[in-house]
Visitor: 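I am attaching a structure below and will ask some questions about it afterwards.
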Amino acid sequence: MTKVRTRFAPSPTGFMHLGGLRTALYCYLFTRKHQGTFILRIEDTDQERFVEGATQVIYDTLRACGMNWDEGPDIGGPVAPYIQSQRKDSYLPHAERLIKSGHAYRCFCTREELQQRRETAEARGDTWKYDKHCLGLSQEEIDSKLAAGLPHVVRQNTPLTGESSFDDLVFGHIAAPNDTLDDMVLLKQDGMPTYNFANVVDDHTMGITHVIRGMEYLSSTPKYNLLYQALGWPIPQYIHLPTVMRDSKHKLSKRDGDAYYSDFVKRGYLTEALINYLALVGWNPGDEREFFTMDELVDAFSVAGLSKSPAIFDINKLTWFNTEYIRRLPPDEYLQLAQPWFDKALQGQPMDIPRLAQLMQGRTEVFERIPDMIAFLRERPAFDSALYDNKKQKSSLDSTPGALELARGLLSQIQEWTEPNIHQALMTGIAAAGLKNGTVLWPLRIALSGQLSTPGGAIEIAYLLGREEALRRLDSARAALTSG
RNA sequence: GGCCCCGUGGUCAAGUGGUUAAGACACCGCCCUUUCACGGCGGUAACAGGGGUUCGAACCCCCUCGGGGUCACCA
């Protein structure tokens, strides 16, 4: 078997879509698994959609994800250039060969004419397909139109009989009747190839052995194969990938605004978690493993594990992966990543940040959720005294005033405000008073934080707040109790 | 509408003629516990429907239904 050569061929739109990223991932994994060559090619034949800086986004994303390419626009390679617009001149000779052999022809129909004929056909209830109108032009007619400088495109001449088929590595045998295949445009008026044509030519001239792409190309692949055959080129292996869906009816689309890699990173998703999750949407390793580094993915990857049916993107599961990855971060790395989010919530309030980080690391699902979780440290929210009531903790509205008074006394006598000292003072004091821990600690935590759920218990919160603030909050809570 | 593809719990999925139909996320309950979380234990929940083939179908065939894709001088 010849050496595997694959390509990831995104068009530079300015963003890296998660669906595209997953395609790149599978392509990368397959290639590395087979010790092949992974090529990056930029598909920018659509000049109208050119976006400044878009290729850089592609480079940055792929590299951040650990998918390094062996040949590409920025690093070159034996079949350069790797940017399609720079290969412009290479397509024409092949198109002319096809014209000569009768597999393609020049078409002078204007867009308006085409639209009109399409509408007429559809009004009759017929399905529209290019009617091969210009195939009937005589050589004289063609020459005179050419001499007159009339704009034209080049179309593929698909056969009207027989059928075309191929064997996809994931979908198996795919066949389509030739008479349902449209005479697609190969070369546009501006001389640029369409995606359809550029792909065939580039994939062949770049020596691509395995074409890995989304399944939206599945139904046009027979047409591409007709082209390969007409040009006398070997047909590559195909691996079409099932779509990533937003829900059962819609695919994860660019319009959702939250489907870009950069969006997830901004919100505080870890790249490793994202890659790990994405790998499992449409593929499974065949065993029970769920956590994979990139190297482990390469090792485990197999085309046999690819699924045929579309998979719904589950933010829930992604978030679970993210939580797990955050939990496994070295503490200093967690602190570094969390710091900006701490700052956002604390706004300069003095705090034992390393201790806060310690308490938060195991509770952080997505970094962007941090500010909401710790905002109470900066300012205690208004709260309902009903929060003091907790049967399980043996705390009630009746027991609370006494409990808080006890806590106030114990806390105010602490010399050095450390967690062990706070713990010591409260626990011995509570035991001496003959109370249950919860009877005092539950209301204390409520009084200090004003909320049901906090990252840490009463002792940790009291410590983080500092002596002065803790006592101040305690006093105001007690006052609110007697006045209200 | 034509053509192509897909169809196991809410989601991802294992399963390739004989299984009590795995596992994970989510959800619910219990335990642990100074809250939440973590952890431990347990639970709810699926073969789209109908016909065949077969001693026996989630697995093979056909039909129906449902969903997706594609039918651009976009990729």
Side-chain angles (χ1 to χ4, degrees), chain A residues 9-11 13 43-46 48-49 84 107 109-111 114 118 122 125-130 151-155 168 171-172 174-177 179-182 184-190 192-196 198-199 213-222 240 242-243 245 247-251 277 280-284 286-290 305 307-321 323 327 359 362-365 373 387 390 392-393 395 423 426-427 430 436-446 449 451-461:
Chain A
S11 47
T13 60
E43 310 237 329
D44 61 343
T45 54
D46 185 4
E48 288 173 20
R49 293 210 304 192
Q84 236 164 23
C107 170
C109 296
T110 64
R111 290 169 193 265
L114 289 173
R118 176 181 300 128
E122 280 167 3
D126 295 345
T127 44
W128 166 257
K129 201 187 124 192
Y130 182 68
H152 68 281
V153 301
V154 174
R155 282 183 186 275
D168 187 271
F171 285 93
I174 306 290
D179 64 2
T180 63
L181 271 23
D182 201 4
M184 63 182 181
V185 171
L186 267 22
L187 247 36
K188 309 181 212 174
Q189 257 178 35
D190 64 4
M192 278 289 191
T194 56
Y195 163 86
N196 304 305
N199 248 263
R213 62 174 35 147
M215 68 158 287
E216 59 267 31
Y217 301 108
L218 194 63
S219 56
S220 39
T221 299
H240 284 96
T243 315
M245 309 289 286
D247 55 50
S248 65
K249 288 196 168 63
H250 309 273
K251 69 174 177 176
Y277 172 65
L280 265 12
V281 180
W283 173 81
N284 82 82
D287 56 37
E288 302 286 75
R289 282 180 300 166
E290 291 212 279
S307 159
K308 290 195 219 186
S309 39
I312 296 174
F313 182 84
D314 183 6
I315 186 78
N316 227 348
K317 182 109 188 206
L318 200 216
T319 301
W320 175 75
F321 268 112
T323 309
R327 194 167 287 157
L359 290 165
R363 306 164 209 258
T364 306
E365 299 183 306
M373 294 172 73
L387 295 191
N390 185 322
K392 216 175 140 194
Q393 298 301 331
S395 172
H423 185 273
L426 286 172
M427 290 318 210
I430 292 168
K436 301 281 288 182
N437 288 338
T439 307
V440 177
L441 294 174
W442 174 271
L444 175 58
R445 194 179 58 84
I446 298 296
S449 69
Q451 58 193 40
L452 227 37
S453 165
T454 54
I459 292 157
E460 290 87 349
I461 301 304

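Just so we're on the same page: letters track the sequence lines, and every chain starts at 1. Every value quoted in this text rests on a predicted model; they were computed, and no experiment measured them.
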Visitor: Is there a Watson-Crick or G-U wobble partner for B/A21 with both distances under 3.5 Å, and which nucleotide is it?
Guide: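 Base partner found: none.
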Visitor: Rounded to whole Å, how long is the line connecting atom CG of A/Leu181 with atom P of B/C4?
Guide: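 Going from CG in A/Leu181 over to P in B/C4 covers 10 Å.
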Visitor: What's the CG-C1' distance between A/Asn284 and B/U11, to the nearest Å?
Guide: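 Distance, rounded to whole Å: 15 Å.
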Visitor: Atom pairs under 3.5 Å, N or O on each side, protein against nucleotides 67-72 of chain B: can you list them with distances?
Guide:
| unit_1 | atom_1 | unit_2 | atom_2 | d |
| --- | --- | --- | --- | --- |
| B/G67 | O2' | A/Ser248 | O | 3.0 |
| B/G68 | OP1 | A/Lys249 | O | 3.0 |
| B/A72 | OP2 | A/Arg118 | NH2 | 3.4 |

Visitor: In Watson-Crick or G-U wobble terms, both distances under 3.5 Å, what is the partner of B/G1?
Guide: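 In the structure as shown, B/G1 has B/C71 as its Watson-Crick or wobble partner.
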Visitor: For A/Arg118, which residues count as a salt bridge (charged side-chain N to carboxylate O under 4.0 Å, His left out) partner, sequence neighbours excluded?
Guide: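 So A/Arg118 forms no salt bridge (charged side-chain N to carboxylate O under 4.0 Å, His left out) with any residue.
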Visitor: Among B/C6, B/A75, B/A13, which nucleotide sits nearest the side chain of A/Ser309?
Guide: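 When the side chain of A/Ser309 is considered, B/C6 is the closest of B/C6, B/A75, B/A13.
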Visitor: Between B/A57 and B/A48, how far apart are the two P atoms, rounded to whole Å?
Guide: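 B/A57 and B/A48 have their P atoms separated by 16 Å.
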Visitor: At under 4.0 Å between heavy atoms, which parts of nucleotides 23-37 of chain B does protein reach? Answer with one letter per nucleotide, 5' to 3': B base, S sugar-phosphate only, - none.
Guide: SBSS------BBBBS
Visitor: Considering every strand shown, what is the Watson-Crick or G-U wobble mate of B/C38 when both distances are under 3.5 Å?
Guide: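 Checking every strand shown, B/C38 finds no partner, since no pair has both distances under 3.5 Å.
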Visitor: Across all strands, who's sitting opposite B/G7 as a Watson-Crick or G-U wobble pair, both distances under 3.5 Å?
Guide: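 By the stated definition (distances under 3.5 Å), B/C65 pairs with B/G7.
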Visitor: In plain terms, say whether A/Asp190 and A/Lys188 are close enough for a salt bridge, that is, a side-chain N and a carboxylate O under 4.0 Å apart.
Guide: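 Between A/Lys188 and A/Asp190 there is no salt bridge, as every charged N stays at least 4.0 Å from the carboxylate O atoms.
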Visitor: Among residues at least two apart in sequence or on other chains, which ones pass side-chain contact (heavy atoms from CB on, under 4.5 Å) with A/Glu216?
Guide: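 Partners of A/Glu216 under the side-chain contact (heavy atoms from CB on, under 4.5 Å) test: none.
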Visitor: Given atom CZ of A/Arg213 and atom C1' of B/C5, what is their separation to the nearest angstrom?
Guide: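 Result: 15 Å.
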Visitor: Pick base, sugar-phosphate or nothing for A/Ala198, based on heavy-atom distances below 4.0 Å to the nucleic acid.
Guide: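 Contact class for A/Ala198: none.
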Visitor: Could you check how far CG of A/Leu280 sits from C1' of B/A14, rounded to whole Å?
Guide: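 Computing the A/Leu280:CG to B/A14:C1' distance gives 12 Å.
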Visitor: For B/C6 and B/A13, measure between their P atoms and round to the nearest Å.
Guide: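 The same atom, P, in both gives a distance of 15 Å.
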Visitor: Provide the distance between the two P atoms, one in B/U35 and one in B/G9, to the nearest whole Å.
Guide: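 Each nucleotide's P atom is 39 Å from the other's.
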Visitor: Just jot down the salt bridge (charged side-chain N to carboxylate O under 4.0 Å, His left out) partners of A/Asp182, sequence neighbours excluded, or say none.
Guide: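 Not a single residue meets the salt bridge (charged side-chain N to carboxylate O under 4.0 Å, His left out) criterion with A/Asp182.
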Visitor: Go ahead and name the base partner of B/A13; Watson-Crick or wobble counts if both distances stay under 3.5 Å, otherwise write none.
Guide: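 Answer to the pairing question: none, since B/A13 forms no Watson-Crick or G-U pair.
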Visitor: Can you check the distance between B/U64 and B/G1, where both ends of the measurement are the P atom (answer in whole Å)?
Guide: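 Approximately 13 Å lies between the P atom of B/U64 and that of B/G1.
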Visitor: Counting only Watson-Crick pairs (N1-N3 plus N6-O4 or O6-N4) and G-U wobbles (N1-O2, O6-N3), all under 3.5 Å, who is the partner of B/A46?
Guide: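 B/A46 is paired with nothing.
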Visitor: Taking all non-hydrogen atoms of both residues, which atom of A/Gly362 and which atom of A/Arg327 are closest, and how far apart?
Guide: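 Heavy atoms only, the tightest pair is O-NH2, 3.0 Å.
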Visitor: For A/Leu359 and A/Gly456, which heavy atoms make the closest approach, and how far apart are they?
Guide: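 That closest heavy-atom pairing would be CD2-CA, 4.5 Å.
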Visitor: What nucleic acid atoms does A/Pro242 come within less than 4.0 Å of, heavy atoms only: base, sugar-phosphate, or nothing?
Guide: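 Touches nothing.
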Visitor: What integer number of Å spans the C1' atoms of B/A72 and B/G67?
Guide: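 The answer is 24 Å between these two C1' atoms.
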Visitor: Using side-chain hydrogen bond (donor to acceptor under 3.5 Å, both in side chains) as the criterion, list what pairs up with A/Glu460, not counting sequence neighbours.
Guide: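 With sequence neighbours excluded, A/Glu460 shows a side-chain hydrogen bond (donor to acceptor under 3.5 Å, both in side chains) to no residue whatsoever.
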Visitor: When the distance from CG of A/Leu186 to P of B/A75 is rounded to whole Å, what number comes out?
Guide: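 My rounded result for the distance is 12 Å.
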Visitor: Can you give each donor-acceptor pair under 3.5 Å made by side-chain atoms of residues 308-317 of chain A, sequence neighbours left out, with the distance rounded to 0.1 Å?
Guide:
| unit_1 | atom_1 | unit_2 | atom_2 | d |
| --- | --- | --- | --- | --- |
| A/Ser309 | OG | A/Ser307 | OG | 3.4 |
| A/Asp314 | OD1 | A/Asn316 | N | 3.0 |
| A/Lys317 | NZ | A/Glu290 | OE2 | 3.0 |

Visitor: Quote, to the nearest angstrom, the C1' distance that separates B/G15 from B/A22.
Guide: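 That atom pair is separated by 8 Å.
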Visitor: Atom CD1 of A/Ile174 to atom P of B/C3: distance rounded to whole Å?
Guide: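 My rounded result for the distance is 15 Å.
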Visitor: Who are the salt bridge (charged side-chain N to carboxylate O under 4.0 Å, His left out) partners of A/Asp247, not counting sequence neighbours?
Guide: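 None.
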Visitor: Distance check, P atoms only: B/G69 and B/A37, in whole angstrom units.
Guide: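 B/G69 and B/A37 have their P atoms separated by 39 Å.
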Visitor: Tell me the interatomic distance from A/Lys308, atom NZ, to B/C59, atom P, rounded to whole angstroms.
Guide: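 After rounding, the gap between these two atoms is 14 Å.
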Visitor: On RNA chain B, does the nearest nucleotide to A/Trp283 precede the nearest nucleotide to A/Cys109 from the 5' side, or the other way round? Give the residue.
Guide: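 Result: A/Trp283.
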Visitor: What's the gap between B/G50 and B/C71 when it is taken at their P atoms, as a whole Å value?
Guide: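 Approximately 36 Å lies between the P atom of B/G50 and that of B/C71.
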Visitor: Can you name the closest pair of heavy atoms from A/Pro222 and A/Leu181 and give their distance?
Guide: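 Closest heavy-atom pair between A/Pro222 and A/Leu181: CB-CD2, 4.5 Å.
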Visitor: Does A/Met184 have any side-chain contact (heavy atoms from CB on, under 4.5 Å) partners at least two apart in sequence or in another chain, and if so, which?
Guide: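 side-chain contact (heavy atoms from CB on, under 4.5 Å) list for A/Met184, sorted by chain: A/Gln156, A/Leu186, A/Asn196, A/Lys223, A/Tyr224, A/Leu227.
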Visitor: From CG of A/Leu359 over to C1' of B/C38, roughly how many Å is that when rounded to an integer?
Guide: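 Answer to the nearest Å: 13 Å.
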